[in-house]
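Since the structure comes first, as structure tokens, the remarks are kept for the end.
Letters A, B, ... are given to chains in the order of the sequence lines, protein chains preceding strands, and every chain is numbered from 1.
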2 protein chains.
Amino acid sequence: MITIKEIANMLNVSTTTVSNVIHGKTKEVSPANVERIRKVLDEYDYMPNINARNLASNRSKIIGMVVKVNGKENPFKDQFFGELLGAVEDRVRSRGYNLMVYALNDVRQVQKFILSWNMDGLVTCGFVEGEISYLQERYKKPIVIIDDYDTNDLERCINIRLEDKKAAYEMTKYVIGCGHKKIAFLADNNVNLDHQRFLGYCQAMDEAGLFGSEENFLKICPGNRGEKNNLDELYERSFAYTAIICSSDYYAAMLLNTFQDRGRKIPDDISITGFDDVEYASLVRPALTTVRQDIQEKGLVAVDMLVKMLEENPKDMETLVVLPTQMVIRDSVKRING
Amino acid sequence: MITIKEIANMLNVSTTTVSNVIHGKTKEVSPANVERIRKVLDEYDYMPNINARNLASNRSKIIGMVVKVNGKENPFKDQFFGELLGAVEDRVRSRGYNLMVYALNDVRQVQKFILSWNMDGLVTCGFVEGEISYLQERYKKPIVIIDDYDTNDLERCINIRLEDKKAAYEMTKYVIGCGHKKIAFLADNNVNLDHQRFLGYCQAMDEAGLFGSEENFLKICPGNRGEKNNLDELYERSFAYTAIICSSDYYAAMLLNTFQDRGRKIPDDISITGFDDVEYASLVRPALTTVRQDIQEKGLVAVDMLVKMLEENPKDMETLVVLPTQMVIRDSVKRING
DNA sequence: TTGTAAGCGTTATCAT
DNA sequence: ATGATAACGCTTACAA
């Protein structure tokens with residue numbers, strides 16, 4: 001691979017001049033030299049040594065994407081993370097950066113990687129406030145935090161999330177509008193965005209004079225790490241309701257099949273709604289009534305905000321983006337008369 | 001961030017000695033110094049500057065994963081690539097490397113990135129022989145090629161794929177064994193691994209004295225880029241068959257719903273099989289009879305082979321891995337008597 | 001417009 | 001066991 005120095009020697013010019021041409025600073029170079037240098041650059045298909053460049057210029061053109069693994073063995077198997085990563089990659093590349101990907105639990109390892117590589121910025125999912133603060137003790141560059149509710153007022157942080165509460169509120173209201181009164185909410189935990197969705201559910205229930213309490217919170221066990229799904233229990237408890245608002249399409253589809261396989265008709269016997277509108281939401285039968293979020297947009301906005309803060313560092317930049325959601329009405333909710 | 005030089009100055013030792021301690025070459029350093037240096041390293045939580053390290057040592061500890069986009073707007077939305085990427089990330093990290101991800105079409109861009117970053121190795125999907133050869137003109141490090149049939153005898157290349165033909169053969173044989181005679185094969189093209197699967201289908205048909213010709217090749221249009229799905233046409237043509245072997249779960253699920261929504265019963269009226277056993281293969285109803293591949297394993301093996309070639313460079317290394325598949329019999333194929 | 005040279009933080013060779 | 005020192009390829013004051 002040809003280097004700047006070699007080119008400079010070949011043409012009897014300085015490395016500065018070659019470097020200037022490489023970076024398009026042609027005003028400072030005579031047209032004749034621009035031409036000569038460009039020709040050689042082209043002929044030898046010059047490739048910069050990015051490690052050298054990074055070392056000299058004290059940046060890296062690397063943006064890291066780190067997702068916290070929690071229980072999951074492979075987070076990117078989840079379509080949400082897959083799609084998010086694809087969108088992030090696309091925008092990172094088109095903005096002239098490079099994407100490094102890590103699935104980690106230990107925030108100290110995250111810190112090690114982002115500091116060692118001198119990454120220009122970071123996109124994270126799943127880390128909580130204390131962890132982000134820890135990173136920031138030494139990492140002084142911008143961080144985008146996706147889908148978190150506890151890291152608001154941190155310096156150099158951008159939060160991106162959905163109108164989770166509102167979406168759950170609207171979905172619940174829709175189900176109530178279909179005539180349902182005994183409605184449960186299902187999720188695998190009750191913190192962060194699931195908690196917000198639960199709050200939205202509660203609000204709609206309360207406004208309708210129904211009971212939106214913890215009593216009607218159905219906790220499902222993910223079932224992918226040792227623990228067993230508690231589907232038997234959920235099946236039994238479901239008889240107390242005519243509808244279940246699920247906090248994800250995945251669990252909605254799981255209920256759909258569990259119930260149908262045991263002979264209950266959906267939506268005739270019980271209605272079920274999802275959240276996210278992932279691909280199979282429209283592939284299962286009945287097709288899921290759900291809340292669509294634009295994951296692609298989430299990824300693109302994440303990178304756009306990050307790069308904006310990175311390159312322009314505007315003083316009064318908005319550091320919170322709440323993306324809209326959209327009701328998708330399909331066939332999994334029954335309209336009850338009376 | 002503290003540097004080696006600073007530590008060396010602090011303790012009145014040379015950078016060499018510090019570097020040796022950092023790399024665990026403690027035999028060459030007096031115990032007293034090891035202790036003193038370790039203490040400072042720890043106290044200041046020393047982080048190496050990887051760009052400097054890479055520049056000096058002429059490697060990068062970066063493994064690239066490049067998937068060819070073809071028509072897809074976001075390849076990682078596809079669960080296959082998502083899961084593959086997750087597995088690759090996991091193994092890359094645990095082997096002490098770092099993963100850079102690109103979704104690209106233009107192989108010249110790929111070359112630019114891998115050369116500029118001086119990547120230690122590459123995992124690719126979707127690129128064809130001419131493209132890999134182009135890369136190798138200048139990139140002299142190992143490349144793992146996933147799911148390709150035309151890049152066999154290239155230097156420094158490792159091929160990883162499935163027993164596609166055999167799997168399709170077995171699936172077709174199974175369907176024939178269920179009493180079917182009029183069986184079609186469906187895919188969105190007839191090259192590479194889809195072609196192999198088609199060949200497997202043909203072989204089983206031939207052996208059973210049935211017709212395994214191009215006539216019974218049903219071409220489906222992906223429908224995600226301008227072109228429309230040709231589902232109407234496929235629906236009409238399907239009446240000539242009692243079973244359809246699909247080259248992916250995705251298309252199988254699509255057929256399932258298209259047919260069911262128009263009133264045909266599955267598997268009573270027509271049987272359908274999938275390929276891959278992605279998550280929703282068991283979520284749709286009827287659950288799909290399909291061929292399972294272990295995507296996780298694919299990713300892990302890819303990195304293992306790459307690192308092996310990288311670090312040991314054994315002379316007689318096997319450069320082809322054909323992973324096994326497994327029939328998963330569920331409910332989408334009807335047993336026909338007679 | 002052009003060139004010189006220091007510096008980025010490591011690694012690695014070769015003396016001592 | 002330890003240290004000087006060159007080298008990696010590039011950027012960037014600063015000087016000419």
Taking the six-membered ring for Trp and the single ring otherwise, decide whether the centroids of Tyr102(A) and Phe113(A) are under 6.0 Å apart.
-> yes
Excluding sequence neighbours, so at least two apart, what forms side-chain contact (heavy atoms from CB on, under 4.5 Å) with Ile7(B)?
-> Ile2(B), Leu11(B), Val18(B), Val40(B), Leu41(B), Tyr46(B)
Ion pair check, Lys61(A) and Asp120(A), cut-off under 4.0 Å = no
Pairs under 3.5 Å (N/O, protein and nucleotides 13-16 of chain C):
none

Closest of dG9(D), dG3(D), dT10(C) to the Tyr46(B) side chain is dT10(C)
Asn54(B) has an atom CG; how far is it from atom C1' of dG9(D), in whole Å?
-> 13 Å
Arg108(A), CZ: over 12 other non-hydrogen atoms inside 6.0 angstrom | no
Lys/Arg-Asp/Glu bridge criterion (N-O < 4.0 Å) met for Lys112(A), Asp45(B) | no
Taking 4.0 angstrom as the limit, do Lys39(A) and Glu43(A) come out as a salt bridge?
-> no
Mind calculating the distance between CG (Leu11(B)) and C1' (dG3(D)) to the nearest angstrom?
-> 15 Å
Looking at every strand, decide which applies to Asn12(A) at a 4.0 Å heavy-atom threshold: base, sugar-phosphate, or nothing.
-> sugar-phosphate
How is Met1(A) classified with respect to the nucleic acid when contacts are heavy atoms under 4.0 Å: base, sugar-phosphate, or nothing?
-> nothing
Considering just the side-chain nitrogens and oxygens of Ser57(B), establish if one lies under 4.0 Å of OP1 or OP2 belonging to dT11(C).
-> no
Asn313(B): partners by side-chain contact (heavy atoms from CB on, under 4.5 Å), with sequence neighbours left out = Met309(B), Lys315(B)
Phosphate OP1/OP2 of dT11(D): any Arg53(A) side-chain N/O under 4.0 Å | yes
For atom CG of Leu55(A) and atom P of dC8(D), their distance in whole Å | 14 Å
According to a strict under-4.0 Å criterion, is Thr17(A) in side-chain N/O contact with OP1 or OP2 of dG3(C)?
-> yes
Looking only at side chains, do Asn20(B) and Lys27(B) share a donor and an acceptor under 3.5 Å apart?
-> no
Tyr149(A): partners by ring pair (Phe, Tyr, Trp, His ring centres under 6.0 Å), with sequence neighbours left out | none
Scan residues 22-43 of chain A against DNA chain C and write down, sorted by residue number, each residue with any heavy atom closer than 4.0 Å; if none is found, say none.
-> Lys27(A), Glu28(A), Val29(A), Ser30(A), Asn33(A)
Rounding to a whole Å, what distance do you find between Asn20(B):CG and dT2(D):P?
-> 10 Å
What nucleic acid atoms does Asn58(B) come within less than 4.0 Å of, heavy atoms only: base, sugar-phosphate, or nothing?
-> nothing
Which of these nucleotides, dG9(C), dC10(D), dT4(C), is closest to any side-chain atom of Ala52(A)?
-> dC10(D)
Answer yes or no: is there an ion pair linking Lys68(B) with Glu131(B), defined by an N-O contact shorter than 4.0 Å?
-> yes
Taking NZ, NE, NH1 and NH2 as the nitrogens, is one of them in Arg161(A) or Asp148(A) under 4.0 Å from a carboxylate oxygen of the other?
-> no
Quick one: Glu6(B) CD to dG7(C) C1', roughly how many Å, whole number?
-> 14 Å
Could you please spell out the steps behind the side chain to side chain contact (heavy atoms under 4.5 Å, CB included) verdict for Leu323(B) and Asp294(B)?
-> CA-CA 8 Å; Leu323(B) 294 173; Asp294(B) 193 338; over 6 Å; no
Nearest whole angstrom, please: distance from the P of dG9(C) to the CG of Asn118(A).
-> 10 Å
Between Lys61(A) (NZ) and dT11(D) (C1'), how many Å, whole number?
-> 14 Å
Measure the distance from CD1 on Ile50(A) to C1' on dC8(C) and round it to the nearest whole Å.
-> 16 Å
Can you pull out how bent the helix from dT1(C)-dA16(D) to dT16(C)-dA1(D) is, comparing the axes over its first five and last five pairs, to 10°?
-> 40°
